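Everything below concerns the one structure shown next.
Here the structure is a predicted model, which means the values were calculated and not measured. A note on names: the letters A, B, ... follow the listed sequences, proteins ahead of strands, and every chain is numbered from 1.
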Amino acid sequence: MPKHDTPLLDELEKGPWPSFVTDLKRQAEKKPECFDILGQLELSFKDKITHWKHGGIVGVFGYGGGIVGRYSDVPERFPGVAHFHTVRLNQPSSKFYSSAKLRDICNLWEKYGSGMTNMHGSTGDLVLLGTTTPNLEPLFYELTHDLNQDLGGSGSNLRTPECCLGRARCEWGCYDTQDLCHTLTMHYQDEIHRPAFPYKFKFKFSGCPNDCVAAIARSDFAVIGTWRDDIRIDQAAVKGYITGEFAPNAGAHSGKDWGKFDIKKEVLDLCPTECMWMEGDTLKIDNSECTRCMHCINVMPRALRPGKQQGATICVGAKAPILDGAQFATMTIPFIEVKKNEDGEFAEVVEVIEKIWDWWMEVGKNRERVGETIMRVGLPTFLKVMEVTPAPQHVKEPRSNPYVFWQADEVEGGWDRDVKEFRKRNAQ
Amino acid sequence: MGYDPANPMADRITDIGPPHYEQFFPPVVKKNYGKWLYHEIIQPGVLMHKGESGDECYTVRVGCARLISIELIREICDIADAHCDGFVRWTTRNNVEFMVDSKAKVQPLMDDLKSRGNKFPVGGTGASVSNCVHTQGWIHCHTPATDASGVVKAVMDELFDYFTSHKLPAQVRVALACCLNMCGAVHASDIAILGIHRKPPMIDHDAITGLCELPLAISSCPLGAVKPATVKNSAGEDIKSVKVNAERCMFCGNCYTMCPAMPLADPDGDGIAILVGGKVSNSRSMPMFSKLVIPFLPNTPPRWPETVAAVKNILETYAKDARKYERVGEWAARIGWEKFFEKTGIPFTIKSVDDYRLAYDTWRTTTQFKFTSHIK
């Protein structure tokens with residue numbers, strides 16, 4: 001495959017940020033189909049439109065997801081990308097790798113694909129970009145036999161679950177995000193590989209309310225770490241921040257002179273519930289008023305830590321705007337201990353998940369995310385399905401209209417009445 | 001052994017899932033798992049995590065394109081082998097993190113990274129613009145309204161100084177999705193770059209019969225603008241197809257997702273909208289959606305100067321005006337969106353007034369507002 005002139009793309013080799021064009025050109029020396037990637041992308045830059053055809057169903061035997069078909073609409077000009085399917089590999093929880101593992105993946109992809117990847121896709125998969133239909137089965141064989149590695153999800157199935165790095169390298173992980181993510185990924189292999197849902201369903205696991213994997217914005221099932229006792233305080237370290245011994249916010253503001261650290265202005269006054277105050281040089285917190293937003297802990301990580309009674313809040317139903325508009329996940333289970341039973345399963349979390357699925361698989365319409373189903377039937381119906389006791393925590397404020405869907409058995413005497421009897425007392 | 005094309009199901013292995021994460025932990029991570037005390041960012045891009053054991057884990061974070069070659073991954077492996085006991089990780093924002101277990105090992109690692117040209121910029125921590133998450137765009141997607149990697153490269157070149165420093169009021173998350181499907185969701189980003197269409201779908205009556213299930217195409221439209229119709233194809237035959245009420249089209253592209261015979265991409269119709277002020281974290285304020293402030297900017301490859309300038313203007317106006325810790329959305333909410341438009345100089349147009357579902361939530365139902373230049 002010959003080189004193509006790419007005057008427009010060449011402009012993206014300039015500038016300080018790493019250039020994917022330079023990278024593609026380097027890869028093309030070993031994998032000449034990358035010249036055709038560059039050539040077709042250059043044509044898109046010129047035409048201001050994509051040159052990939054719509055869809056194309058390809059896969060490996062027995063799986064309904066993990067491979068996304070892709071074909072060029074100008075294959076004669078760029079035969080190297082005539083077929084250019086995507087392979088999604090399920091990433092290890094929180095994306096730590098050994099160089100040995102990565103080199104194995106690189107070697108496999110040098111053999112069967114274009115050499116180009118996404119590290120990582122938006123849902124978390126390690127994405128291999130660009131291979132042909134005949135390569136799929138041999139690739140899958142070597143992937144599973146030699147690399148001990150499986151595909152991720154695509155289509156109307158459980159998408160590849162994703163978690164923050166949690167307790168691996170963060171002091172705020174209120175439950176073991178990686179263990180939960182990995183255990184559920186293994187538990188639900190069938191749901192990941194064989195589409196059986198109305199639409200996609202995403203799990204995301206964040207260890208604290210900072211929510212570094214955007215669970216509350218992007219997942220149908222968001223498990224976000226929290227605690228229900230008191231924030232742990234090291235008063236000596238609080239003094240360290242006040243005297244300037246420690247940089248606030250772990251040094252995150254070091255590039256500008258914001259003046260001396262002012263605990264009142266930067267912590268107490270920014271607390272959304274105003275539940276903190278100083279008594280002399282001692283920091284006090286009324287923990288019963290705290291909503292666990294993390295601001296004070298973020299600003300003084302050496303002095304404050306989440307409490308010890310840790311677990312998670314489960315929120316359900318986030319999605320991007322298509323179709324009814326964007327939704328954040330709705331707080332459904334205020335607190336759950338995220339613990340394994342003796343069988344090594346997170347049984348209580350599994351029970352919550354399967355309550356949602358059993359209901360949604362029955363009432364969800366084709367291509368309706370669970371958040372849209374909840375929106376359609378209403379949160380009260382969903383809370384009943386979940387067998388959750390309704391609490392003020394489920395709403396920002398009570399409803400401001402009186403249109404309650406009363407049930408017959410909630411009303412004295414029910415709904416069966418005789419209009420003739422009624423007319424004897426109340427004439428027309 | 002090996003794959004046998006004559007017998008593809010022979011000794012097949014399925015449903016084994018991903019490899020267990022623990023085998024990929026650097027020793028200092030494995031030893032201190034769940035026992036970290038606190039962290040510090042000792043300089044932009046360099047984190048120190050302190051364990052209860054007294055151990056320290058130093059992390060050097062480097063920016064990276066999302067689209068990368070196996071040659072680059074192998075180079076990353078070489079660096080991990082030379083400095084990090086052969087371990088490395090990626091963040092959710094496409095940054096690469098190299099971890100070492102003592103401060104003495106940081107500088108040699110940094111020197112190595114620096115010696116490799118501009119491939120491994122150190123930064124993306126604290127009050128910075130971290131790496132821009134994004135979708136595929138023209139490199140690999142069939143529905144985009146703009147490119148992704150190209151726009152992101154142009155934006156990050158311009159914001160580079162904010163990636164490598166800590167001079168903003170808070171972290172700023174920039175994200176790009178190349179169409180409304182948002183396979184990389186940008187609806188809760190400080191600054192969102194979103195590819196949009198502006199021309200209704202065309203209908204390929206010669207192809208629709210074989211390609212589409214008409215009821216799915218019709219029901220895909222959230223506004224009922226796609227209706228069944230009997231039309232003549234180019235052979236003069238009456239066929240069952242669809243028609244589109246263009247006045248009702250909101251250009252979401254959902255019909256094209258369901259029916260490949262209804263393409264809507266167009267060199268002049270497509271472009272970029274800018275949305276501002278979203279956040280995911282629960283810190284201080286609740287999570288917020290990004291709000292549409294610039295309805296359209298043209299697609300201008302290779303470097304999208306209008307989009308780059310718009311993002312930079314919003315970022316720098318915020319940087320000058322916001323208080324310490326305030327995210328873009330918190331700043332705009334405090335000063336009022338009328339002030340946001342005034343300070344940024346972005347013209348307010350009727351296209352920022354919501355007329356889709358749940359729109360009423362965003363209309364102003366109070367006499368409280370600020371008199372800005374918008375009120376004549």
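Around atom NZ of A/K256, more than 12 heavy atoms belonging to other residues, nucleotides or ligands sit under 6.0 Å away. Atom CZ of A/F61 has 12 or fewer neighbouring heavy atoms from other residues, nucleotides or ligands inside a 6.0 Å radius.
Residues B/D4 and A/Y141 have side chains that never bring a donor and an acceptor to within less than 3.5 angstrom of each other. Checked by atom type, the side-chain pair B/N94/A/H120 shows no donor-acceptor distance below 3.5 Å. Neither side chain, B/S281 nor A/D211, offers a donor N or O lying under 3.5 Å from an acceptor on the other. In the model, A/R169 has no side-chain atom that pairs as donor or acceptor with a side-chain atom of B/N32 under 3.5 Å. Using modelled atom types and a 3.5 Å distance limit, the side chains of B/H140 and A/T86 yield a donor-acceptor pair. A/N298 and B/Y325 form no side-chain donor-acceptor contact under 3.5 Å, judged by distance and modelled atom types alone.
In this structure, the portions of A/L12 lying under 4.5 Å from any heavy atom of chain B include both its backbone and its side chain. Residue A/K53 touches chain B through its backbone alone, counting heavy-atom pairs closer than 4.5 Å. Contacts of B/E158 with chain A are absent, with no heavy-atom separation under 4.5 Å from either backbone or side chain. Heavy atoms of A/R302 lying under 4.5 Å from chain B belong to its backbone as well as its side chain. Only the backbone of A/Q91 comes within contact range of chain B, judged by heavy atoms closer than 4.5 Å. Residue B/V88 touches chain A through both its backbone and its side chain, counting heavy-atom pairs closer than 4.5 Å. For A/L24, the part lying under 4.5 angstrom from a heavy atom of chain B is the side chain only.
Ranked by non-hydrogen atom pairs under 4.5 Å with chain B, the options A/F246, A/Y71, A/F140 are led by A/F140. Heavy-atom pairs under 4.5 Å with chain A peak, among B/A80, B/P121, B/A65, B/C178, at B/P121. In terms of heavy-atom pairs under 4.5 angstrom with chain A, the leader among B/R66, B/R357, B/E71 is B/R66. With chain B as the partner, the residue from A/M116, A/E162, A/E142 showing the most heavy-atom pairs under 4.5 Å is A/M116.
In this structure, the ring of A/W17 has its center less than 6.0 angstrom from the ring center of B/F163. Close placement of the A/F328 and B/F289 rings is indicated, their centers lying within 6.0 Å of each other.
Residues B/P18 and A/M186 are in side-chain contact: their nearest non-hydrogen atoms beyond the backbone lie under 4.5 Å apart.
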(message) For B/N282 and A/R292: C-alpha separation, side-chain torsions, deciding distance, then whether side-chain hydrogen bond (donor to acceptor under 3.5 Å, both in side chains) applies.
(response) CA-CA 8 Å; B/N282 286 274; A/R292 302 169 310 287; over 6 Å; no
(request) Kindly indicate, with the supporting measurements, whether the criterion side-chain hydrogen bond (donor to acceptor under 3.5 Å, both in side chains) is fulfilled by B/H142 and A/R70. (result) CA-CA 8 Å; B/H142 63 294; A/R70 190 66 73 228; 3.2 Å; yes
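For the pair A/R167 and B/Y33, the NZ or CZ position fails the cation-pi test of under 6.0 Å to the six-membered ring centre and within 45 degrees of the ring normal.
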